[in-house]
Amino acid sequence: MKQGLKLMSDPRVMKVMQDERVMKAVMQMMTVPGKVQSFTNEQVEKLAKVMNLATEDEVNDLKRQIRRLEEELSRLDKTDKRR
């Protein structure tokens, strides 16, 4: 980080960074990790679907739904015991 800041203060680098094409390329490079992550997630989901496997999101949704149903069952059980 320290070297990066030092490099950015170099007049030659500052001049290059003022070029719109360079800035556009830098911005595109900064988006690459996010794009790679998105692409990877999409491919994993497609593979899971083809192999008829549940994705992590689907498992988490099922866990939430089970938790809600257990809470509802517990609530109904308490209501039933009061009668």
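Values below: all heavy atoms of this structure, side chains included; hydrogens, waters and symmetry mates excluded. For reference, positions follow the sequence shown, starting with 1.
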Original post:
Is V26 linked to V13 within one hydrophobic cluster, defined over Ile, Leu, Val, Met, Phe, Trp and Tyr using a side-chain heavy-atom separation of less than 4.5 Å?
Top reply: yes

**OP:** Mind checking the NZ-OG spacing from K78 to S74? Nearest 0.5 Å is all I need.
**Re:** 4.5 Å

Original post:
Can you tell me if CD on E20 sees more than 12 non-hydrogen neighbours from other groups inside 6.0 Å?
Top reply: no

Original post:
Any link between M27 and V16 through a network of hydrophobic side chains (Ile, Leu, Val, Met, Phe, Trp, Tyr) touching at under 4.5 Å?
Top reply: yes

Original post:
How long is the gap from CG on L73 to CD1 on I66, to the nearest 0.5 Å?
Top reply: 12.5 Å

Original post:
Taking everything shown except Q43 itself, do over 12 heavy atoms lie less than 6.0 Å from its CD?
Top reply: yes

Original post:
Stepwise, does the salt bridge (Lys or Arg N to Asp or Glu O under 4.0 Å) test hold for R75 with E72?
Top reply: CA-CA 5 Å; R75 187 185 63 76; E72 179 70 15; 2.6 Å; yes

Original post:
Transitively linked via ILVMFWY side-chain contacts under 4.5 Å: V36 with M30?
Top reply: no

Subject >> Basic-acidic side-chain contact under 4.0 Å: D77, K81 >> reply: yes

**OP:** Check whether M14 and L7 end up in the same hydrophobic cluster, where Ile, Leu, Val, Met, Phe, Trp and Tyr are linked by side-chain heavy atoms less than 4.5 Å apart.
**Re:** no

**OP:** Identify the two heavy atoms, one from L53 and one from E58, that lie closest to each other, and give their separation to 0.1 Å.
**Re:** O-OE1, 4.0 Å

Original post:
Roughly how far, to the nearest 0.5 Å, is NZ of K49 from OG1 of T55?
Top reply: 10.5 Å

**OP:** Enter the distance from Q65:CD to K63:NZ here, rounded to the nearest 0.5 Å.
**Re:** 14.0 Å

**OP:** Take Q37 and N41 through the side chain to side chain donor-acceptor pair (under 3.5 Å) test and state the conclusion after the steps.
**Re:** CA-CA 6 Å; Q37 184 68 41; N41 289 343; 3.2 Å; yes

Subject >> CG-CD distance between N60 and E56, expressed to the nearest 0.5 angstrom >> reply: 5.5 Å

**OP:** Would you give the length of the straight line joining atom CD of Q28 to atom NZ of K24, rounded to the nearest 0.5 angstrom?
**Re:** 6.5 Å

Subject >> Over 12 foreign heavy atoms within 6.0 Å of CE, M17 >> reply: yes

Subject >> Pairing of R67 and E70 as salt bridge, 4.0 angstrom limit >> reply: no

**OP:** State yes or no: do L47 and F39 share one hydrophobic cluster built from I, L, V, M, F, W and Y residues joined by side-chain heavy-atom distances below 4.5 Å, directly or via other members?
**Re:** no

